Novice: 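Got a structure here, written out as structure tokens. Questions coming.
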Amino acid sequence: MLSLEAVNSGYGRMQILEDVTLRVDQGEIVSILGPNGAGKTTLLNTIYGIAQILKGRVNFEGSTINGLRPEQVARRGIGYAPQLSSVFPSLTVRENLELGGYIRKDSLEEDMNEMYRLFPEVERRKDNLAKTLSGGERQMLAVARALMARPRLLLLDEPTAGLSPKALSTLLKKVVEIKSKDITILLVEQNARRALEISNRAYVLVGGRIVTEASGEEMLSDEKLEELYFGKHMA
């Protein structure tokens, strides 16, 4: 479904990613792991048309999407829930969801009801301003808003950042449920162990380069990988 071929990218004159090659097959959850500053968010920004591609190709469903603007990428079928500025704080929950479906011309009501079913925590606050939501509720709203455009591939940038263990578990269960709806997921996540538990495959990104790829199960059982990239014990 998605592939990066020897991609170098960054912002202006600052190159972040170097010769990144990876793939995401339809129906998978693929995690991108690595230390802070490794370039994980830049990788998602590259796919979504925010970071500049200096060399290489990004392909989605058989077509190159190099140079497309974020709106054009969204129209191709890719959704993005970024870590920062993930919701519009001065708008209500419902208004945030409506904005998520801005590229669509049909009625949003059916999908909005589906988001309320998937995220009952969000439905309870649908008339509240997003700035009044808890951290976990905001993250759920960010994911729900990205889903309103009916993407076939969903990019998630550290959706569990700053969440309590209970909220983290809830959100990751939602990610698995989203996958069951035939939505492929590329997940950037700091909580490596929990991410690997739900991932089909994972890549480790260090210093802007992919250093290893394995199945989630293989990576969980690789003690050397834990020591090398995540310290003595993974989170």
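Just so we're clear, the structure is a prediction, and the values are computed from it rather than from any experiment.
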Novice: Taking a hydrophobic cluster as the set of Ile, Leu, Val, Met, Phe, Trp and Tyr residues connected by side-chain heavy atoms closer than 4.5 Å, whether directly or through intermediates, do M140 and L118 fall within one such cluster?
Specialist: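 They do share one cluster, since a chain of ILVMFWY contacts under 4.5 Å joins M140 to L118.
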
Novice: Can you tell if the side chain of E137 reaches within under 4.5 Å of the side chain of R124, non-hydrogen atoms only?
Specialist: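 E137 vs R124: side chains apart.
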
Novice: Would you find a donor on one side and an acceptor on the other, under 3.5 Å apart, between the side chain of T184 and the backbone of G27?
Specialist: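 Yes, the answer is positive, given that a donor and an acceptor are paired below the 3.5 Å cut-off.
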
Novice: To the closest 0.5 Å, what do you measure between OG1 (T42) and CD (Q52)?
Specialist: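 One gets 12.5 Å once the value is rounded to the nearest 0.5 Å.
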
Novice: Do L22 and I32 have side chains that approach each other closer than 4.5 Å (heavy atoms only, starting at C-beta)?
Specialist: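 A side-chain contact under 4.5 Å exists here.
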
Novice: So does E197 have more than 12 non-hydrogen atoms from other groups sitting under 6.0 Å from CD?
Specialist: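 Buried by this count: over 12 neighbours within 6.0 Å.
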
Novice: Do the side chains of E114 and K181 get nearer than 4.5 Å, heavy atoms only?
Specialist: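 Yes, close enough: below the 4.5 Å cut-off.
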
Novice: Taking P159's backbone N and O only, do any of them form a donor-acceptor pair with Q139's side chain (distance below 3.5 Å, no angle check)?
Specialist: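 Between the backbone of P159 and the side chain of Q139 there is a qualifying donor-acceptor contact (under 3.5 Å).
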
Novice: Test of understanding: clusters of I, L, V, M, F, W, Y form through side-chain heavy atoms closer than 4.5 Å, transitively. Do V188 and L4 belong to the same one?
Specialist: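 Same hydrophobic cluster.
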
Novice: Consider only side-chain heavy atoms of I, L, V, M, F, W and Y, link residues closer than 4.5 Å, and tell whether V30 and Y48 are in one cluster.
Specialist: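 Yes, same cluster.
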
Novice: Under the rule for ring pair (Phe, Tyr, Trp, His ring centres under 6.0 Å), what residues qualify as partners of F60, not counting sequence neighbours?
Specialist: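 Per chain and number, F60 pairs via ring pair (Phe, Tyr, Trp, His ring centres under 6.0 Å) with no residue.
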
Novice: With a 4.0 Å cut-off on N to O distance, would you call R23 and E213 a salt bridge?
Specialist: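 Salt bridge present between R23 and E213.
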
Novice: What are the two closest non-hydrogen atoms of V206 and A38, and how far apart are they?
Specialist: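 Looks like CA-CB, 4.1 Å.
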
Novice: With the 4.5 Å side-chain cut-off for hydrophobic clustering, are L205 and L2 part of the same group?
Specialist: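 Both belong to a single hydrophobic cluster.
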
Novice: What's the shortest heavy-atom distance between K174 and P120, and which atoms?
Specialist: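 For K174 and P120, the tightest heavy-atom pair comes out as NZ-CD, 3.9 Å.
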
Novice: Check I198 against L187 and note the closest heavy-atom contact, atom names and distance.
Specialist: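 Looking at all heavy atoms of both residues, the shortest contact is CD1-CD2, 4.3 Å.
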
Novice: Which heavy atom of T21 sits nearest a heavy atom of I210, and at what distance?
Specialist: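 Nearest pair, atom of T21 first, then I210: O-CG1, 4.2 Å.
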
Novice: When you compare the side chain of L44 with that of Q83, does any pair of heavy atoms fall below 4.5 Å?
Specialist: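 Q83 vs L44: side chains apart.
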
Novice: Report yes or no: does R193 contribute a side-chain atom to a donor-acceptor pair with the main-chain N or O of L220 at less than 3.5 Å?
Specialist: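 The answer is no, because no donor-acceptor pair under 3.5 Å joins these two groups.
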
Novice: Counting only N and O atoms by type, is there a donor-acceptor contact under 3.5 Å from the side chain of R150 to the main-chain atoms of D111?
Specialist: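 Not a single qualifying donor-acceptor pair exists.
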
Novice: Does some side-chain heavy atom of K40 sit less than 4.5 Å from a side-chain heavy atom of E158?
Specialist: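 In contact.
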
Novice: Using the side-chain hydrogen bond (donor to acceptor under 3.5 Å, both in side chains) rule, take D182 and Q26 through it: C-alpha gap first, then chi angles, then the decisive distance, then the call.
Specialist: CA-CA 8 Å; D182 296 323; Q26 187 170 354; over 6 Å; no

Novice: Measure from the side-chain N and O atoms of S164 to the backbone N and O of A167, and report whether any donor-acceptor pair falls under 3.5 Å.
Specialist: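 The answer is yes, because a donor-acceptor pair under 3.5 Å joins these two groups.
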
Novice: Report yes or no: does E98 contribute a side-chain atom to a donor-acceptor pair with the main-chain N or O of G100 at less than 3.5 Å?
Specialist: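 Between the backbone of G100 and the side chain of E98 there is no qualifying donor-acceptor contact (under 3.5 Å).
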
Novice: Using 0.5 Å steps for rounding, measure from the CG atom of L97 to the CG atom of L108.
Specialist: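 Atom-to-atom, L97:CG and L108:CG are 9.0 Å apart.
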
Novice: What distance separates N96 CG from L141 CG, expressed to the nearest 0.5 Å?
Specialist: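 The CG atom of L141 is 4.5 Å from CG of N96, to the nearest 0.5 Å.
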
Novice: Looking at K55 and A6, would you say the former's side chain and the latter's main chain have a donor-acceptor pair under 3.5 Å?
Specialist: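 Between the backbone of A6 and the side chain of K55 there is no qualifying donor-acceptor contact (under 3.5 Å).
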
Novice: Considering all heavy atoms of both residues, which atom of I185 and which atom of V175 are nearest to each other, and what is their separation?
Specialist: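 That closest heavy-atom pairing would be CD1-O, 3.3 Å.
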
Novice: Does a side-chain heavy-atom distance below 4.5 Å link I178 with V143?
Specialist: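 In short, these two side chains touch, coming nearer than 4.5 Å.
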
Novice: Under a plain distance cut-off of 3.5 Å, with no hydrogens placed, do R194 and S169 share a side-chain donor-acceptor pair?
Specialist: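 A donor-acceptor contact under 3.5 Å links the two side chains.
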
Novice: Out of curiosity, I65 CD1 to I53 CD1, how far, rounded to the nearest 0.5 Å?
Specialist: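 The CD1 atom of I53 is 7.0 Å from CD1 of I65, to the nearest 0.5 Å.
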
Novice: If you apply the rule side-chain contact (heavy atoms from CB on, under 4.5 Å), what do you find for I47 with Y80, and how did you get there?
Specialist: CA-CA 10 Å; I47 296 167; Y80 188 13; over 6 Å; no

Novice: Is there a chain of hydrophobic side chains (I, L, V, M, F, W, Y, each step under 4.5 Å between heavy atoms) that links L172 to L186?
Specialist: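 No, L172 and L186 fall in different hydrophobic clusters.
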
Novice: When the side chains of residues 67-74 are checked against the rest of the protein, which donor-acceptor pairs come out under 3.5 Å, sequence neighbours left out?
Specialist:
residue, atom, partner, partner atom, Å
E71, OE2, R75, NE, 3.3
E71, OE2, R75, NH2, 3.0
Q72, OE1, R69, N, 2.8

Novice: Going from CG on L99 to CE on M148, what distance comes out if it is rounded to the nearest 0.5 angstrom?
Specialist: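 If we round to the nearest 0.5 Å, L99:CG and M148:CE are 10.0 Å apart.
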
Novice: Please test M219 against R201 for side-chain contact (heavy atoms from CB on, under 4.5 Å), starting from the C-alpha separation and ending with a verdict.
Specialist: CA-CA 9 Å; M219 209 170 280; R201 292 183 302 109; over 6 Å; no

Novice: So how far is it from S3 OG to E61 CD, rounded to the nearest 0.5 Å?
Specialist: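 These two atoms lie 11.5 Å from each other.
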
Novice: Dump the intermediate steps for side-chain contact (heavy atoms from CB on, under 4.5 Å) on V20 and Y203, then the final yes or no.
Specialist: CA-CA 10 Å; V20 169; Y203 293 87; over 6 Å; no

Novice: Are D19 and N8 close enough, and set up right, to give a side-chain contact (heavy atoms from CB on, under 4.5 Å), and what steps lead you there?
Specialist: CA-CA 5 Å; D19 293 330; N8 293 356; 3.2 Å; yes

Novice: Kindly indicate whether the side chain of K179, heavy atoms from C-beta on, has any atom under 4.5 Å from the side chain of N200.
Specialist: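 A side-chain contact under 4.5 Å exists here.
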
Novice: Decide yes or no for S63 and R76: does some side-chain heavy atom of the first lie under 4.5 Å from some side-chain heavy atom of the second?
Specialist: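 Contact flag for S63/R76 side chains = yes.
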
Novice: Could you list the residues that satisfy ring pair (Phe, Tyr, Trp, His ring centres under 6.0 Å) with F119, not counting sequence neighbours?
Specialist: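 Counting only residues at least two positions away or on another chain, F119 forms no ring pair (Phe, Tyr, Trp, His ring centres under 6.0 Å).
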
Novice: Please report the C-alpha distance between R117 and E177 in whole Å, then the side-chain angles of each, then the deciding distance to 0.1 Å, and finally whether the salt bridge (charged side-chain N to carboxylate O under 4.0 Å, His left out) criterion is met.
Specialist: CA-CA 12 Å; R117 188 204 64 76; E177 187 172 352; 3.0 Å; yes

Novice: Decide, yes or no, whether a salt bridge links E121 with R125 under the criterion of side-chain N to carboxylate O below 4.0 Å.
Specialist: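 Judged by the 4.0 Å cut-off on N to carboxylate O distance, E121 and R125 do not form a salt bridge.
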
Novice: At their closest point, which heavy atom of A146 faces which heavy atom of P151, and how far apart are they?
Specialist: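 Smallest interatomic distance, heavy atoms only, reads O-CD, 3.5 Å.
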
